[in-house]
Amino acid sequence: MAGKPPRESDPRNPRLRLRALLDEDGYQEVSAYDESGMLAAIGTADGAKVVAFASDPTVQGGAMGAEGCDVVVRAYDRAVAENCPIIGIYHSGGARLQEGVGSLDAVGRIFHAMILASGRVPQISVVLGPAAGGAAYGPALTDVVILGPEGRIFVTGPDVVRTVTGETVDMARLGGPEPHGRRSGVVHVIADSERDAFDKARWLAELLGTQVESRLDEVEDRPLGEILPESPRRAYDVRPLVERVLDTPGLELHPKWAPNIITALGRLGGQAVGVVANNPLRLGGCLDSLSAEKAARFVRMCDAFGVPLVVLVDVPGYLPGVGQEWDGVVRRGAKLLHAFGECVVPRVTVVTRKAYGGAYIAMNSRSLGATKVLAWPQAQVAVMGAVAAVRILHRRRLSQVPDELKEQFELELAAEHEIVAGGLPKAMELGVVDEVVSPDATRTAIAEAIREAPARRGAHDNIPL
Amino acid sequence: MAVEIQAEMVANVWQVVAQEGDDVAEGDTVLILESMKMEIPVLAEAAGVVAEVKVTEGDVVQEGDVLAVIA
């Protein structure tokens with residue numbers, strides 16, 4: 001389409017952004033740089049092939065019409081044909097109003113291309129400005145959403161909100177880093193700057209997209225046990241443990257949303273891995289409806305792209321209460337069971353301190369097909385803590401004991417109960433724990449388990465659970 | 001700007017660590033809750049001065065209750 005040339009000097013122009021995203025060498029545009037509102041290019045990120053496209057906010061606020069949407073659909077075709085990651089840069093008001101329902105149809109075709117590519121090639125979205133309507137749901141259909149400081153994601157902007165509901169809200173509060181990073185879970189990664197957003201997109205493309213030669217046999221052990229507090233009752237932040245298991249600190253997805261479970265991508269012995277870890281510092285590390293949903297989607301993403309999983313377990317159970325039940329903890333918790341159960345990538349569980357109840361099953365247990373289950377020497381694997389168990393099992397006997405003797409009696413019963421029903425020896429006898437491993441020998445044990453398992457990849461999409 | 005520290009879950013206040021007027025850095029323990037048979041430290045999300053501690057040891061707090069304010 002002919003028209004006046006886009007404003008070259010505008011820092012928001014898509015050519016500048018695509019060049020900033022991709023390596024300088026080999027950058028090649030695969031669509032005309034015109035008034036369509038979209039520009040696509042193929043190139044590399046640290047040498048690995050990537051397809052990328054960017055909306056053009058210098059033309060009608062980046063609104064998406066039929067021509068621009070065709071550019072994106074062709075970019076998707078190319079990424080699937082090349083079997084490489086695709087990165088979309090969003091700064092767009094949504095569908096072009098003046099094109100009417102034709103633009104809705106066109107935006108819908110982008111969605112369809114994304115859905116058909118789901119689980120086949122990694123899809124990463126970088127949102128740098130307002131992304132409304134269709135430009136909001138586009139990123140939401142992809143595997144990972146990165147939000148720049150000026151990125152705003154919403155179905156409808158503040159003006160429409162005010163007109164329709166009378167609610168007064170600014171763009172940042174409606175769809176900025178705070179609400180999407182902490183409350184909605186729409187955004188996986190908050191970036192400090194546009195440069196940071198591009199760097200993280202490149203890193204993700206590399207982790208999810210390229211299989212580098214791993215050196216799992218060269219992994220060295222590190223002291224991990226010292227991270228746990230002395231008291232088994234004391235909660236702690238699991239993130240330093242996650243960092244130390246990985247070669248270098250990884251990239252945490254959804255760090256502030258459902259923070260009672262950690263989901264991070266990184267490398268172990270050069271091999272890309274996904275780490276799922278309960279974080280006792282938040283909600284005691286309990287699983288709840290949000291954290292189960294967060295982890296389930298992460299597990300399915302890793303499985304779809306052949307990324308092995310390391311599961312660090314320290315979980316007291318599912319969070320009890322009316323709030324959780326009404327929030328659908330049963331329905332949403334089932335997603336995590338399903339995600340692990342269908343997962344075919346190597347997946348290694350390490351029980352560091354405790355694995356209780358239904359959450360024990362959900363955290364990649366043997367019964368769900370874990371490749372290997374390791375446990376640290378002091379770990380508890382049980383339906384519940386031994387004292388809690390004997391309070392139920394021996395309620396009547398305990399009620400007949402004078403109060404001053406009750407605690408002692410409980411402990412005696414608990415020790416007895418552990419021999420019969422809990423404790424690692426029993427778990428190993430049943431085959432639900434394969435090996436007791438010293439914390440400081442855990443890295444090599446994980447690496448060995450991954451190396452010995454066949455490298456496989458799940459044949460499914462990554463529906464935004 | 002004042003930052004409210006809220007309880008994430010139903011819990012007992014096990015120990016109040018920081019007192020009103022104390023300087024705290026991001027990540028410092030402000031108080032320790034007890035829930036799910038665990039002692040769960042509650043950390044300052046931002047550096048500042050503890051302007052108010054709204055609970056005392058032994059209190060039962062509900063999800064969303066304000067525990068302390070950091071200004």
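In what follows, chains are A, B, ... by sequence order, proteins preceding strands, each numbered from 1. The analysis underlying the following values was restricted to heavy atoms, covering all of them including side chains, and did not include hydrogens, waters or symmetry mates.
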* Might you point out which heavy atoms bring B/I40 and A/L281 nearest each other, and give the distance in Å? => CG2-O, 3.4 Å
* Roughly how far, to the nearest 0.5 Å, is the OH atom of A/Y356 from the NZ atom of B/K37? -> 8.5 Å
* Asked: Any side-chain heavy atom of B/P41 sitting closer than 4.5 Å to one from A/R234?
  -> yes
* Structure fact -> Whatever's closer than 4.5 Å to a heavy atom in chain A on B/L33 counts as neither
* Is the closest side-chain heavy-atom distance between A/C286 and B/M36 below 4.5 Å? -> yes
* Asked: What pair of heavy atoms forms the shortest contact from A/G284 to B/M38, and how long is it?
  -> O-SD, 3.5 Å
* What distance do B/I32 atom CD1 and A/R233 atom CZ have between them, rounded to the nearest 0.5 Å? -> 11.0 Å
* Region of A/P320 that comes under 4.5 Å of a non-hydrogen atom in chain B -> side chain
* Asked: chain A heavy atoms under 4.5 Å from B/E34: which part of the residue, side chain, backbone, both or neither?
  -> side chain
* **B/E45 versus A/R182, closest heavy-atom pair with distance** => OE1-NH1, 3.5 Å
* Exercise: identify the closest heavy-atom pair between A/L283 and B/M9 -> CA-SD, 3.4 Å
* Structure fact -> Listed by number, the residues in residues 406-416 of chain A that come under 4.5 Å of chain B (heavy atom to heavy atom) are none
* Asked: Counting heavy atoms not belonging to A/Q378, are there more than 12 under 6.0 Å from its CD?
  -> no
* Count the heavy atoms belonging to other residues, nucleotides or ligands that lie under 6.0 Å from CD of A/E226, then report whether that count exceeds 12. => yes
* Asked: More than 12 non-hydrogen atoms from neighbouring residues, nucleotides or ligands closer than 6.0 Å to CZ on A/R173, yes or no?
  -> no
* Asked: Is it the backbone or the side chain of A/K354 that comes under 4.5 Å from a heavy atom of chain B, or both, or neither?
  -> side chain
